[in-house]
Amino acid sequence: MRRNVQSVKQVHRLVQSLQQLAKEAGHLHPLMIGIDQENGLVSAFSSSTASDGAGTQFPGAMALAATGSPEIAEECSTATAREMRLAGINWAYSPVADVNSTPKTQSFGDDPDEVAKFASAVSRGLMRGEVAPCAKHFPGHGDTHVDSHLALPVINKTEDELVETELVPFHTLVKSGIPTIMTGHMALPLVTGDNTPCSLSRTITTGLLREKMGYDGVIVTDCLEMNAVAIPYTPQTGAVMALKAGADIAMICHTMEMQRGAIEETYVAVENGSLSLESLRQSGQRIAALKLAYAGASWADVFGPFQEEVLVDLLIQNAHLSTESYATSTALIRGPLPVIREDDGMVLVMSPAMESYYLAFAQSVARRVNSRHLLYTPLPAHGQGQLHDEISGALRTASGIIFVTRNADRSGWQVDYLRRLLQEKRGTTPIIILASCGPYDVVGAPDIQEPCLASFEYTPAALEAAAAVIFGEREAKGQVPVSL
């Protein structure tokens, strides 16, 4: 988890200590050390700055797909894998193989074949860097508006419908021999007959993934502390249910008491015969094979000094790759972009939050032109109120406006604010909308026809690439990988 990462060197020390504990405890093989590293906004290992010693920030799924290049996706994945491997990390919970059927999902896109192509590229890249990939979230988390961290998504699709869309990337990855797959916490009542989460369902884990699709690698659940499982079952009971369903590993990420409780409940289930010991032995064999392939054949493979000089060289190479990859991902949703200059006033940068990402973007703009960063907030009177006096005053003298949105399709107040701003700004003042996460922000507002750019994520690297496009230093080469 990101909370455990301060620098590559510190992670190496942490991993070495964990491996030493495992060796002293009598483990036959080194540990698999996993991390939630999708790149983009889900980058537990990566750094948003060049100075804190963590790994390189690379584009996430949708930004990679926007480049149109599986080769770039594979190259970025290999690069991040090599950095992680230097720290002792040998397992990444990536690629995301969900199909972006609803706007809330951040995946490689809404075309199942394209998702398969990019997910396969990421998988190959990670393996080339000697890190085990893990496709997620089987059998597909893309067609829901519900976040399983918060509640249980229910997807009313038949198995035939899944085969047409959601399962396409997973079929491709299974055929390629991907070593691990993560099951997700969503219900498919038309397939299973009830609302049991797929991660706890034998119909899904064994019946669909193992038997019908022929998968023989390691199956791991998504974190069982998510509310989709934790509220109806508890993580401890969920762990036993997942093992009964056919999972090899039940993941509990955060709480030691729950991890201990899951082990204790598993022992009880074995003792009373409700959980097959033979099935656990088979899981153990699959996990041992995974360890031999990625953790090392002996303890000598995991103990050694930190290779600082190798890391320094990698970081230099990877910084260039990151910059070029992000530059290729920025996409024009609607154009052309107007020329923004500081001829007769400041350029306004308006963002919906004063967070480090947007502060970094404002600084990026300030390095180019005389500018001012302003926070905008929901208008009073249900979106019909007036702009704050400070904003109105700034608009009267602005030479240009960069209006940053973030998932405005789900936060309609941002669109309400933009409408009011368009009414009050000087008629000739150029404005550019920057959709800083999903590209759907103004799709539901046909009355807004101003130029719009997509960065696909609000990492500083993505926003820096967007700034370069806004000020004419680079072209917007990316293509939006979803239908708008």
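When all heavy atoms of C253 and Q259 are compared, the closest pair comes out as C-NE2, 4.1 Å. Across all their heavy atoms, A476 and L332 have their closest contact at CB-N, 3.9 Å. The two atoms that bring A97 and L173 nearest to each other are CB-CD1, 3.9 Å, heavy atoms only. The two residues I401 and M350 make their nearest non-hydrogen contact at CG2-SD, 4.2 Å. When all heavy atoms are compared, the tightest approach of P451 to P338 is CG-CD, 3.7 Å. P133 and L126 get closest at one heavy-atom pair: CB-CD1, 3.7 Å.
A donor-acceptor distance shorter than 3.5 angstrom exists from the side chain of S69 to the backbone of I72, with no hydrogens or angles considered. In this structure a side-chain-to-backbone donor-acceptor pair under 3.5 Å is present from E225 to H254. Side-chain atoms of Y215 come within 3.5 Å of backbone N or O of I178 as a donor-acceptor pair. Formation of a donor-acceptor pair under 3.5 Å by the S201 side chain with backbone atoms of C198 is not found in this model. Counting only distance, with no hydrogens or angles, the side chain of D98 and the backbone of H141 share a donor-acceptor pair below 3.5 Å. With hydrogens and angles disregarded, no donor-acceptor distance shorter than 3.5 Å links the side chain of E130 to the backbone of R85. A side-chain donor-acceptor contact under 3.5 Å links T328 to the backbone of E324. Of the possible polar contacts, one joining the T221 side chain to the M251 backbone as a donor-acceptor pair under 3.5 Å is found. The closest donor-acceptor contact from the side chain of Q37 to the backbone of F45 lies under 3.5 Å. Counting only distance, with no hydrogens or angles, the side chain of D222 and the backbone of S199 share no donor-acceptor pair below 3.5 Å.
Between Y458 and L463 there is a side-chain heavy-atom pair separated by less than 4.5 Å. Side-chain contact between S46 and N39: present, with at least one pair of heavy atoms (C-beta onward) separated by less than 4.5 Å. Side-chain contact between P460 and Y357 is present, with at least one heavy-atom pair separated by less than 4.5 Å. You'll find the side chain of S101 reaches within 4.5 Å of the side chain of E166, heavy atoms only. Side-chain contact between P439 and F456: present, with at least one pair of heavy atoms (C-beta onward) separated by less than 4.5 Å. Inter-residue side-chain proximity for T330 and L453 is flagged as met; some heavy-atom pair is nearer than 4.5 Å. Using a 4.5 Å heavy-atom cutoff, the side chains of L418 and I431 are in contact. Residues C76 and L321 meet the side-chain proximity criterion, which asks for heavy atoms closer than 4.5 Å.
A distance of 12.5 Å separates CG in D416 from CG in L421, rounded to the nearest 0.5 Å. Taken from OG1 in T80 to CD in Q57, the straight-line distance is 9.0 Å, to the nearest 0.5 Å. Here CE of M84 is found 11.0 Å from OG1 of T56. Values are rounded to the nearest 0.5 Å. Remark: L200 CG to Y233 OH distance equals 6.0 Å, nearest 0.5 Å. Distance check, rounded to the nearest 0.5 Å: OG1 of T102 to CD1 of I155 gives 8.5 Å. Going from atom OG of S279 over to atom CG of L243 covers 7.5 Å, rounded to the nearest 0.5 Å.
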message: Please determine whether side-chain contact (heavy atoms from CB on, under 4.5 Å) holds for the pair V115 and N100, giving the CA-CA distance in whole Å, both sets of side-chain angles, and the decisive distance to 0.1 Å.
response: CA-CA 9 Å; V115 173; N100 206 85; over 6 Å; no
- request: Assess whether side-chain contact (heavy atoms from CB on, under 4.5 Å) is satisfied between F58 and E75, documenting all intermediate values.
  value: CA-CA 10 Å; F58 287 106; E75 196 173 354; over 6 Å; no
- prompt: Should Y376 and F403 be marked as a ring pair (Phe, Tyr, Trp, His ring centres under 6.0 Å) after you check the CA-CA gap, both sets of side-chain angles, and the distance that decides it?
  reply: CA-CA 9 Å; Y376 68 92; F403 191 87; 4.4 Å; yes
message: side-chain contact (heavy atoms from CB on, under 4.5 Å) for F361 and L434? Distances and angles first, verdict last.
response: CA-CA 11 Å; F361 176 63; L434 173 58; 3.7 Å; yes
Test side-chain contact (heavy atoms from CB on, under 4.5 Å) applied to V168 and D113, step by step: CA-CA 7 Å; V168 171; D113 294 320; 3.6 Å; yes
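Among L18, V302, V15, the single residue meeting the side-chain contact (heavy atoms from CB on, under 4.5 Å) criterion with L31 is L18. For the side-chain contact (heavy atoms from CB on, under 4.5 Å) with F170, the lone residue among K175, M213, K136 that qualifies is M213.
Residues forming a side chain to side chain donor-acceptor pair (under 3.5 Å) with D160 (at least two apart in sequence, or on another chain): none. Partners of R367 under the side-chain contact (heavy atoms from CB on, under 4.5 Å) rule, at least two apart in sequence or in another chain, are Q363, S364, E464. In this structure A132 satisfies the side-chain contact (heavy atoms from CB on, under 4.5 Å) test together with M32, W91, P179, L290, Y294, sequence neighbours excluded.
Side-chain polar atoms of D447 and Q449 form no donor-acceptor pair below 3.5 angstrom. In summary, the side chains of Y358 and S436 do present a donor paired with an acceptor at a separation below 3.5 Å, with no hydrogens or angles considered. A donor-acceptor contact under 3.5 angstrom links the side chains of E83 and N318, judged on distance only.
Within a 6.0 Å radius of CD in Q282, other residues, nucleotides and ligands contribute more than 12 heavy atoms. Residue H149 places its NE2 atom among 12 or fewer non-hydrogen atoms of other residues, nucleotides or ligands, all under 6.0 Å distant. Within 6.0 Å of CD on E475 lie no more than 12 heavy atoms contributed by other residues, nucleotides or ligands.
Salt bridge E211/R202: absent, no basic N to carboxylate O contact under 4.0 Å.
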